Protein chains: 2
Amino acid sequence: MLSIGEMSRRSGVKVPTIRYYEQMNLIDAPERSAGNQRRYTHAALDRLTFIRHARDLGLSLEAIRELVRLSENPAMPHDEAHRIATSHLAAIRERIARLKRLEKELTRVEANCHADQAGDCNIMQVLADHGRCETEH
Amino acid sequence: MLSIGEMSRRSGVKVPTIRYYEQMNLIDAPERSAGNQRRYTHAALDRLTFIRHARDLGLSLEAIRELVRLSENPAMPHDEAHRIATSHLAAIRERIARLKRLEKELTRVEANCHADQAGDCNIMQVLADHGRCETEH
DNA sequence: TCAAAAGCTTCAGTCTCTGGAGATATCTTG
DNA sequence: CAAGATATCTCCAGAGACTGAAGCTTTTGA
């Protein structure tokens with residue numbers, strides 16, 4: 001049995017956020033100790049980690065709620081889960097591509113920016129010039 | 001002179017968001033038409049695009065406000081701008097790495113998921129198993 | 001055993017938008 | 001030029017996803 005702090009440490013989700021997820025019905029209310037403190041199972045930790053990763057992926061809590069529901073109901077056809085998850089894939093790829101470009105530029109900047117004034121600083125250039133990039137917005 | 005809708009189309013920032021940025025002092029209040037509608041210069045469009053990209057990068061509006069202030073004051077040393085921007089670089093790289101991993105896995109899933117039930121669906125596996133991944137949280 | 005650390009509930013606040021209502025302005029086309 | 005469609009205006013409320021503080025109780029560990 002894990003305390004909420006232990007859950008937080010292991011999942012990377014902050015304590016108040018875990019309570020928030022419980023309130024939002026993303027995770028089940030766990031058992032309580034004699035003194036009314038939350039005590040989680042390892043299954044609960046797995047679910048929380050699942051949520052954490054789905055959030056990293058950019059899924060909304062609503063989408064995650066749907067996925068969680070489906071995963072608890074494994075007799076249900078998976079088309080729905082697929083639809084929810086894949087509907088985010090294009091957006092994710094777009095985000096990755098943009099971030100990768102910016103990362104490359106920023107890395108270059110970091111390596112060789114020797115300007116003495118903000119106006120000459122590459123970082124400004126990167127952020128400003130990127131406006132003329134080919135990505136459609 | 002650009003209308004707010006034109007600004008929105010060209011920058012990819014929604015109309016209410018542009019007004020919000022004005023209210024938050026991220027962009028200057030533009031001139032108005034005789035009928036009180038906002039009319040923007042191309043410089044304003046550049047600035048908005050700058051903000052858009054900085055947001056994509058994950059900078060907070062507060063950080064952007066600082067950068068904007070610096071970029072308007074090009075006589076000021078750029079260490080500050082550098083500090084603000086580079087302070088996000090590690091986090092960005094981390095995000096990219098995580099997203100890349102997940103994208104790879106999701107792509108694989110998309111290509112060959114033929115399960116009939118949610119319990120067998122790779123997407124669930126990906127999200128759940130990723131909990132055992134090497135990334136520290 | 002007893003103090004420090006962790007947890008509890010409640011509630012308010014933050015950040016970054018986003019949308020609706022109702023009124024006004026601008027553009028387009030007949 | 002008139003009229004109708006479309007775009008803007010302001011104001012305000014709400015959403016989504018947390019986050020933190022206050023004041024109190026429980027657990028832990030030296």
Side-chain angles (χ1 to χ4, degrees), chain A residues 1-41 44-45 47-68 84 88 91 95 137, chain B residues 1-41 44-45 47-68 84 88 91 95 137:
Chain A
M1 284 299 180
L2 308 164
S3 71
I4 198 168
E6 196 57 32
M7 288 283 279
S8 175
R9 250 167 278 121
R10 296 207 197 180
S11 68
V13 178
K14 293 194 181 163
V15 167
T17 306
I18 297 173
R19 292 197 273 250
Y20 170 75
Y21 286 166
E22 179 182 326
Q23 198 185 317
M24 295 294 105
N25 288 314
L26 270 153
I27 55 181
D28 295 332
E31 288 182 35
R32 298 294 183 115
S33 71
N36 198 37
Q37 299 195 354
R38 290 170 178 79
R39 291 294 176 261
Y40 295 92
T41 63
L45 176 59
R47 150 117 30 134
L48 186 58
T49 306
F50 172 106
I51 293 170
R52 165 75 204 268
H53 285 109
R55 287 291 299 138
D56 280 348
L57 243 172
L59 304 197
S60 69
L61 292 192
E62 186 48 39
I64 295 170
R65 213 191 318 279
E66 293 181 64
L67 282 174
V68 162
I84 293 165
H88 290 272
R95 245 168 86 202
H137 298 307
Chain B
M1 283 299 180
L2 308 165
S3 70
I4 197 166
E6 195 57 31
M7 288 284 278
S8 175
R9 250 167 278 119
R10 297 206 195 181
S11 67
V13 178
K14 292 194 180 162
V15 168
T17 305
I18 297 173
R19 291 197 273 250
Y20 169 75
Y21 285 165
E22 179 182 326
Q23 198 184 316
M24 294 295 104
N25 289 312
L26 269 152
I27 56 182
D28 295 332
E31 287 181 38
R32 299 292 184 117
S33 72
N36 197 36
Q37 300 193 353
R38 290 171 179 79
R39 291 293 176 261
Y40 294 93
T41 63
L45 176 59
R47 150 116 31 134
L48 187 56
T49 307
F50 172 105
I51 293 170
R52 165 78 205 267
H53 285 108
R55 287 291 299 139
D56 280 349
L57 243 172
L59 303 197
S60 70
L61 293 192
E62 184 48 39
I64 296 171
R65 211 190 320 278
E66 293 181 63
L67 282 174
V68 161
I84 294 165
H88 290 272
R95 243 167 90 202
H137 299 304

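Naming convention: chains lettered A, B, ... in sequence-line order (proteins, then strands); numbering from 1 in each chain. For clarity, every value in this text was computed on a predicted model and none was experimentally measured.
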Undergrad: Which comes earlier along DNA chain D counting from the 5' end, the contact point of B/Gly5 or that of A/Glu62, where each point is its nearest nucleotide?
TA: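 It is B/Gly5, whose closest nucleotide lies nearer the 5' terminus.
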Undergrad: Where the side chain of A/Gln37 is concerned, which of C/dT16, D/dC9, C/dG7 is the nearest nucleotide?
TA: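 The answer is C/dG7.
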Undergrad: Is the closest side-chain heavy-atom distance between B/Met1 and B/Pro30 below 4.5 Å?
TA: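 Counting from C-beta outward, B/Met1 and B/Pro30 never come under 4.5 Å.
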Undergrad: For a salt bridge (Lys or Arg N to Asp or Glu O under 4.0 Å) check, start with the C-alpha distance between A/Glu62 and A/Arg65, then their side-chain angles and the critical distance, and finish with the verdict.
TA: CA-CA 5 Å; A/Glu62 186 48 39; A/Arg65 213 191 318 279; 3.2 Å; yes
Undergrad: Using whole Å, report how far CZ of B/Arg65 lies from P of C/dC15.
TA: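 To the nearest whole Å, that distance equals 9 Å.
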Undergrad: Among C/dC17, D/dC18, C/dC8, which is the nearest nucleotide to the side chain of A/Arg38?
TA: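 The closest nucleotide is C/dC8.
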Undergrad: Among C/dT18, C/dT9, D/dC9, find the nucleotide with the atom closest to the side chain of B/Thr17.
TA: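 Comparing C/dT18, C/dT9, D/dC9 against the side chain of B/Thr17, the answer is C/dT18.
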Undergrad: Could you tell me the separation between the CD atom of A/Glu6 and the P atom of C/dA5, rounded to a whole number of Å?
TA: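 Distance check: A/Glu6 CD to C/dA5 P gives 17 Å.
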Undergrad: Would you mind reporting whether B/Leu61 and B/Tyr21 have side-chain heavy atoms less than 4.5 Å apart?
TA: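 They are in side-chain contact.
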Undergrad: As a test of reading the structure: which of C/dT18, C/dT16, C/dG7 is closest to the side chain of A/Ile4, going by heavy atoms?
TA: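 From the listed options, C/dG7 comes nearest.
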Undergrad: Which nucleotide in the set D/dG20, D/dT8, C/dG19 lies at the smallest distance from any side-chain heavy atom of B/Arg19?
TA: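 So the side chain of B/Arg19 is nearest to D/dT8.
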Undergrad: So A/Ile51 and A/Arg47, do their side chains get closer than 4.5 Å, heavy atoms only?
TA: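 SC-SC contact between A/Arg47 and A/Ile51 confirmed.
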Undergrad: Hey, which of these two, A/Asn36 or A/Pro16, hits DNA chain D nearer its 5' end, going by closest nucleotide?
TA: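 This one resolves to A/Pro16.
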Undergrad: Nearest to the side chain of B/Tyr20, heavy atoms from C-beta on, is which of D/dC18, C/dA25, C/dT16?
TA: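 Comparing D/dC18, C/dA25, C/dT16 against the side chain of B/Tyr20, the answer is C/dT16.
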Undergrad: Looking only at side-chain atoms of A/Ser60, point me to the closest of D/dA17, D/dT26, C/dC17.
TA: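 Comparing D/dA17, D/dT26, C/dC17 against the side chain of A/Ser60, the answer is D/dA17.
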